[in-house]
Number of protein chains: 2
Amino acid sequence: MKLLDNASIKPFSVDECADRLVNAVPLVMKVIRKEIRNNRPSYLSLPQFRVLAFVHRREGASLSDVAEHIGITLPTASKLVDGLVKKDLVLRKYSTCDRRRAVLNLTAQGSAVLEASGAAIQPGVARMLATLSPEDLYVLGRAAEVIQHVFAGECISKKPFPANNSNTKTS
Amino acid sequence: MKLLDNASIKPFSVDECADRLVNAVPLVMKVIRKEIRNNRPSYLSLPQFRVLAFVHRREGASLSDVAEHIGITLPTASKLVDGLVKKDLVLRKYSTCDRRRAVLNLTAQGSAVLEASGAAIQPGVARMLATLSPEDLYVLGRAAEVIQHVFAGECISKKPFPANNSNTKTS
DNA sequence: TCTAATAGTTTCATAAGCTAAGTATATTCG
DNA sequence: CGAATATACTTAGCTTATGAAACTATTAGA
């Protein structure tokens with residue numbers, strides 16, 4: 001599929017493109033954060049919400065995964081998860097093949113809470129896009145694809161956990 | 001300027017586009033945050049760094065501006081700025097036309113610190129883009145433009161401060 | 001087995017965050 | 001003008017988040 005009119009585009013250099021991304025992405029992020037803030041349940045702090053969302057994306061993740069991908073240290077991750085476990089939103093088991101390794105999963109309640117809040121984020125962004133031309137929307141949509149393709153790799157842990165969670169035991 | 005081959009594009013709906021953005025933007029943001037974390041001086045916490053960067057973008061900003069745009073409450077902003085003032089990175093004066101209003105500016109040292117760290121962020125993102133085709137780079141660059149256009153409005157304070165900072169006095 | 005490495009937890013101190021209450025300055029309106 | 005209200009920020013008091021360092025338990029290596 002031919003997507004762009006190659007005759008008329010003047011491609012950006014990698015550096016200029018990075019520059020632009022660094023400036024633009026935080027603007028969107030601010031809106032997203034604001035929506036999260038306004039839509040998460042009051043008993044969930046923002047850091048806790050982030051952990052919850054991560055566990056949703058990566059069921060079975062370990063504490064190290066959480067720490068690494070959210071950008072916090074292990075002790076902090078451990079304590080945040082403590083809170084989520086006490087609230088009955090996350091299940092913390094330990095892998096049977098490596099009993100040091102924590103295996104985190106959402107409880108049914110955790111999924112429900114996350115979905116309810118998560119659904120509210122997208123409309124906030126959508127409102128910002130309401131006035132855009134089809135062409136601009138297309139550019140944004142395509143850019144998101146490119147980003148997914150290039151940046152999603154960061155989300156794969158080096159030491160993958162077993163796909164099934166059947167070989168775990170509660171603490 | 002004709003940018004896209006209109007004959008071949010199938011535009012996304014606003015909702016789908018928002019969906020994609022919500023998924024893609026955090027991926028880039030993670031890389032940016034990581035770069036900041038790794039490149040900021042150790043004596044600057046991440047929240048402090050954010051405040052410093054904001055004051056850089058908006059010299060003469062008030063505490064309310066900081067609070068609103070970073071997404072924290074006024075007391076928190078006040079204390080973060082306290083820390084930056086103690087470190088001699090930010091100057092806190094008060095407007096003479098409205099002596100309640102704080103006027104924040106970077107010190108020379110603040111500018112230096114910020115530039116040194118800031119310069120290191122872009123290359124991290126650039127590395128991620130190294131393998132992209134000119135076409136993909138173009139899409140990203142254009143998308144950033146669109147985002148700037150739509151989302152930057154959030155960054156303009158309703159009550160602009162006086163352009164010159166000459167009519168301020170130290171506390 | 002004895003040593004090292006890994007995954008988490010605990011402890012302790014500090015920073016960040018909020019709400020509520022307080023201070024000082026501006027504005028509004030009778 | 002002068003009292004009431006609003007604004008901009010600060011302070012106080014508390015909870016949560018955060019990281020460094022030390023500790024426990026498990027696994028891997030020599």
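Quick note on labels: first sequence line is chain A, next is B, and so on, each numbered from 1.
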Original post:
Rounded to the nearest Å, what distance is computed from the CZ atom of residue Arg100(B) to the C1' atom of nucleotide dT11(D)?
Top reply: 18 Å
Original post:
Which is true for Leu74(A) with a 4.0 Å heavy-atom rule: it touches a base, it touches only sugar-phosphate, or it touches nothing?
Top reply: base
Subject >> Integer-rounded Å distance: dA17(D) P and Leu52(A) CG >> reply: 13 Å
Original post:
Once you round to the nearest 0.5 Å, how far does OG of Ser62(A) lie from CD of Glu68(A)?
Top reply: 9.0 Å
Subject >> Strand-adjacent residues in residues 77-86 of chain A, judged by heavy atoms under 4.0 Å from DNA chain C >> reply: Ser78(A), Lys79(A)
Subject >> Which atom of Cys17(B) lies closest to which atom of Gly141(A), heavy atoms considered >> reply: SG-N, 3.8 Å
Original post:
Okay, side chain of Arg142(A), backbone of Val139(B): is any donor-acceptor separation there less than 3.5 Å?
Top reply: no
Side chains of residues 107-120 of chain B: which donor-acceptor partners sit under 3.5 Å, not counting sequence neighbours?
| unit_1 | atom_1 | unit_2 | atom_2 | d |
| --- | --- | --- | --- | --- |
| Thr107(B) | OG1 | Asp88(B) | O | 2.8 |
| Thr107(B) | OG1 | Leu89(B) | O | 3.2 |
| Thr107(B) | OG1 | Gln109(B) | N | 3.4 |
| Thr107(B) | OG1 | Gly110(B) | N | 2.9 |
| Ser111(B) | OG | Thr107(B) | O | 3.4 |
| Ser117(B) | OG | Val113(B) | O | 2.9 |

Original post:
Tell me, which of residues 41-51 of chain B have any heavy atom that sits under 4.0 Å from an atom in DNA chain D?
Top reply: none
Original post:
Just by modelled atom types, is the Asp65(B) backbone N or O under 3.5 Å from a matching donor or acceptor in the Arg58(B) side chain?
Top reply: no
**OP:** Looking at every strand, decide which applies to Thr76(B) at a 4.0 Å heavy-atom threshold: base, sugar-phosphate, or nothing.
**Re:** base
Original post:
Do the side-chain N or O atoms of Tyr94(A) get closer than 4.0 angstrom to the phosphate oxygens (OP1, OP2) of dT24(D)?
Top reply: no
**OP:** State the CZ-CZ distance between Phe49(A) and Phe54(A), to the nearest 0.5 angstrom.
**Re:** 14.5 Å
Subject >> Spacing of Lys93(B) atom NZ relative to dC9(D) atom P, expressed in whole Å >> reply: 16 Å
Subject >> Rounded interatomic separation in angstrom, taking CG from Leu63(B) and P from dT7(D) >> reply: 17 Å
**OP:** Starting from P on dG17(C), measure out to CD on Glu68(B) and report it in whole angstrom.
**Re:** 16 Å
Original post:
With sequence neighbours left out, which residue pairs that include part of residues 13-27 of chain A fulfil the side-chain hydrogen bond (donor to acceptor under 3.5 Å, both in side chains) condition?
Top reply: Glu16(A)-Arg20(A), Arg20(A)-Glu145(B)
Subject >> Between dC9(D) (P) and Asp98(B) (CG): distance, integer Å >> reply: 8 Å
Subject >> Side-chain N,O (Arg92(B)) to OP1/OP2 (dA8(D)) below 4.0 Å >> reply: no
**OP:** Not counting sequence neighbours, list each pair that qualifies as a salt bridge (charged side-chain N to carboxylate O under 4.0 Å, His left out) and has a residue in residues 116-127 of chain A.
**Re:** Glu35(A)-Arg127(A)
Original post:
More 5' along DNA chain C: Pro75(A) or Arg37(A), using each one's nearest nucleotide?
Top reply: Pro75(A)
Subject >> Residue-phosphate contact under 4.0 Å: Arg99(A) side-chain N/O, dT26(D) OP1/OP2 >> reply: yes
Original post:
With sugar-phosphate meaning primed atoms plus P, OP1 and OP2, does Ile72(A) contact a base, only sugar-phosphate, or nothing at under 4.0 Å between heavy atoms?
Top reply: sugar-phosphate
Extract all donor-acceptor atom pairs below 3.5 Å that involve side chains of residues 76-85 of chain B and protein atoms in other chains or at least two apart in sequence.
| unit_1 | atom_1 | unit_2 | atom_2 | d |
| --- | --- | --- | --- | --- |
| Thr76(B) | OG1 | Thr73(B) | OG1 | 3.2 |
| Asp82(B) | OD1 | Arg92(B) | NH2 | 2.1 |

